[in-house]
*Asks:* 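Take a look at this one; I'll ask things after.
Note on naming: letters A, B, ... go to the chains in the order of the sequence lines (proteins, then strands), and numbering restarts at 1 for each one. What you see is a predicted model; the values in this text were computed from it and never measured.
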2 protein chains.
Amino acid sequence: MVNPEIAPAFRCRDDDHAACVVNAVTTAERVCKERGVRFTPLRRRVLELVWSGHRPAKAYQLLEQLKLEHAGSAPPTVYRALDFLVDNGFVHRLESLNAFIGCGDAGEKHGGQFLICRECGRVAELDDPELKQLLARKAQAVGFTGESSTIEVEGLCARCAG
Amino acid sequence: MVNPEIAPAFRCRDDDHAACVVNAVTTAERVCKERGVRFTPLRRRVLELVWSGHRPAKAYQLLEQLKLEHAGSAPPTVYRALDFLVDNGFVHRLESLNAFIGCGDAGEKHGGQFLICRECGRVAELDDPELKQLLARKAQAVGFTGESSTIEVEGLCARCAG
DNA sequence: TTCCTGTTTGTTATACTGTAACGATGGTCA
DNA sequence: TGACCATCGTTACAGTATAACAAACAGGAA
Ligand SMILES: [Zn+2]
Ligand SMILES: [Zn+2]
Ligand SMILES: [Zn+2]
Ligand SMILES: [Zn+2]
């Protein structure tokens with residue numbers, strides 16, 4: 001096998017991650033302005049919290065953080081913000097984990113393919129057109145028209161595989 | 001496009017579905033005997049209930065059924081049976097629905113690819129090696145070793161697409 | 001400005017999904 | 001028989017998500 005590239009999410013050091021957060025927030029701000037939707041302080045804050053690592057964020061963990069900053073926070077507070085972020089393609093929901101992860105390629109609404117390391121918990125996103133096409137083709141072969149797909153792989157990232 | 005085959009799950013008529021259930025139970029019975037694990041009445045009954053349609057079964061719906069037949073049923077009753085059935089490859093869990101579906105190709109433990117019709121609710125299973133290989137290859141290309149995967153597609157079956 | 005309107009947020013309550021813990025039961029085998 | 005292990009019954013609770021309605025707020029019309 002050729003020397004593989006390593007996905008950014010698996011390369012990013014936990015102690016040098018601020019740029020990822022800033023980039024995500026800046027992009028979201030721009031896209032929201034373009035779309036004429038409101039990037040409120042709450043939504044911004046939840047996006048920052050989701051992006052606080054390349055690891056899945058659980059809704060009730062986010063809620064705990066929000067409560068520290070604003071006592072009135074409750075489940076709908078975080079779920080509504082997450083709904084907004086997911087609908088606008090800034091965050092993806094990981095179905096196999098009941099968790100959320102920042103989208104590395106925000107701006108376009110899309111479903112990616114997620115690589116979830118069972119050792120370190122980091123998650124990388126692919127957005128591979130070949131995969132989408134093959135899946136669509138295989139579905140069509142049995143008469144099924146796919147509209148959206150959930151693809152999540154559990155395994156080991158390069159660093160954890162040693 | 002060539003005339004597509006239609007997946008059995010989408011062809012099966014609701015009023016002529018008994019054979020599917022019998023087949024699933026018979027297979028499970030045989031496989032359990034081969035493996036030396038116990039196919040208890042409870043497990044058999046839950047498998048029948050899961051197979052009562054080609055539609056996803058929710059755990060608490062199954063529980064309601066069980067309660068009608070045995071008052072002592074509680075969440076662990078159904079979840080333990082489902083765990084057994086999933087572990088042995090007789091049933092799959094659909095992550096995007098929090099639901100369960102009978103495996104059309106039981107006996108070998110495997111992860112399939114699931115086609116979920118958003119109109120009629122039926123679910124068909126693929127088990128396509130090309131898809132698995134391509135996904136594994138794409139993951140390897142970024143240094144990730146996949147071990148198990150969740151692939152679920154929402155869309156329209158041939159009948160519902162009209 | 002004031003009013004109107006639609007969106008966002010606060011608040012309470014509840015529904016849905018899943019597991020921990022421990023004792024009772026029931027096969028299997030020495 | 002008794003010891004052992006898997007299964008099941010039972011209670012309690014943890015974790016995930018939404019319904020419903022009121023309050024606050026932004027943006028535009030009068
Ligand atoms: Zn980063
Ligand atoms: Zn890792
Ligand atoms: Zn059938
Ligand atoms: Zn259909």
*Asks:* Does the protein touch nucleotides 7-18 of chain C at the base, only the backbone, or not at all? Give it as B, S and - per nucleotide, heavy atoms under 4.0 Å.
*Replies:* -SBBBB----BB

*Asks:* Strictly below 4.0 Å, heavy-atom distances to any atom of DNA chain C: list the hits from residues 25-33 of chain B, or just say none.
*Replies:*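 Residues of residues 25-33 of chain B that come under 4.0 Å of DNA chain C do not exist, since none gets that close.
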
*Asks:* Got a sec, which hydrophobics cluster with B:W51, joining ILVMFWY side chains under 4.5 Å apart, including via others?
*Replies:*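 Under the 4.5 Å side-chain rule, B:W51 groups with B:V21, B:V25, B:V31, B:V37, B:F39, B:L42, B:V46, B:L47, B:L49, B:V50, B:Y60, B:L62, B:L63, B:L66, B:V78, B:Y79, B:L82, B:F84, B:L85, B:V86, B:F90, B:V91, B:F100.
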
*Asks:* List the residues meeting side-chain hydrogen bond (donor to acceptor under 3.5 Å, both in side chains) with B:R38, not counting sequence neighbours, and say none if there are none.
*Replies:*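 Expected list: none.
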
*Asks:* Would you be so kind as to tabulate the donor-acceptor pairs closer than 3.5 Å made by side chains of residues 115-123 of chain A, with sequence neighbours excluded?
*Replies:*
from, atom 1, to, atom 2, distance (Å)
A:R118, NE, B:E147, OE1, 2.6
A:R118, NE, B:E147, OE2, 3.4
A:R118, NH2, B:E147, OE2, 2.9
A:R122, NH2, A:D14, OD1, 3.1
A:R122, NH2, A:D14, OD2, 3.4

*Asks:* What is the distance, to the nearest angstrom, from the CG atom on B:D83 to the C1' atom on D:dC8?
*Replies:*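 These atoms are roughly 14 Å apart.
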
*Asks:* Enumerate the residues from residues 48-55 of chain A whose closest heavy atom to DNA chain C is under 4.0 Å, giving them by residue number; use none for an empty result.
*Replies:* none

*Asks:* Rounded to whole Å, please give me the gap between CG in B:L85 and P in D:dT7.
*Replies:* 12 Å

*Asks:* Look only at the side chain of B:R35 and the backbone of B:N88, and say whether a donor-acceptor pair between them is shorter than 3.5 Å.
*Replies:*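 Indeed, once roles are kept as given, a pair shorter than 3.5 Å links the two residues.
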
*Asks:* Show me the donor-acceptor pairs, under 3.5 Å and distance only, between side chains in residues 150-162 of chain A and residues at least two apart or in other chains.
*Replies:*
from, atom 1, to, atom 2, distance (Å)
A:E152, OE1, A:E95, N, 3.4
A:E152, OE1, A:S96, N, 2.8
A:E152, OE1, A:S96, OG, 2.5
A:E152, OE2, A:E95, N, 2.7
A:R159, NH2, A:F10, O, 3.4
A:R159, NH2, A:R11, O, 3.4

*Asks:* Measure the distance from CZ on B:R45 to C1' on D:dG9 and round it to the nearest whole Å.
*Replies:*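 Those two atoms, CZ and C1', are 19 Å apart.
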
*Asks:* How long is the line joining CZ of B:R44 and P of D:dT7, in whole Å?
*Replies:*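 One finds 16 Å between P of D:dT7 and CZ of B:R44, rounded.
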
*Asks:* Can you list everything that forms a side-chain contact (heavy atoms from CB on, under 4.5 Å) with B:K33? Sequence neighbours excluded, please.
*Replies:*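 Per chain and number, B:K33 pairs via side-chain contact (heavy atoms from CB on, under 4.5 Å) with no residue.
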
*Asks:* Filter on ring pair (Phe, Tyr, Trp, His ring centres under 6.0 Å), then keep only pairs touching residues 103-128 of chain A, sequence neighbours left out; what's left?
*Replies:* A:H92-A:H110, A:H92-A:F114

*Asks:* I'd like to check the salt bridge (Lys or Arg N to Asp or Glu O under 4.0 Å) partners of A:D15; sequence neighbours left out, ordered by chain and number.
*Replies:*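 Listed in chain order: A:R13.
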
*Asks:* Can I get a per-line list of side-chain donor-acceptor pairs under 3.5 Å for residues 68-75 of chain B, giving both atom names and the distance, sequence neighbours left out?
*Replies:*
from, atom 1, to, atom 2, distance (Å)
B:E69, OE1, B:R45, NE, 2.9
B:E69, OE2, B:R45, NE, 3.2
B:E69, OE2, B:R45, NH2, 2.7
B:S73, OG, B:H70, O, 2.9

*Asks:* Is any side-chain heavy atom of B:H54 closer than 4.5 Å to one of B:H17?
*Replies:* yes

*Asks:* Can you list everything that forms a side-chain contact (heavy atoms from CB on, under 4.5 Å) with A:A99? Sequence neighbours excluded, please.
*Replies:* A:P56, A:K58, A:L97

*Asks:* Give the rounded distance in Å between these two atoms: CD of A:E95 and P of D:dT16.
*Replies:* 14 Å

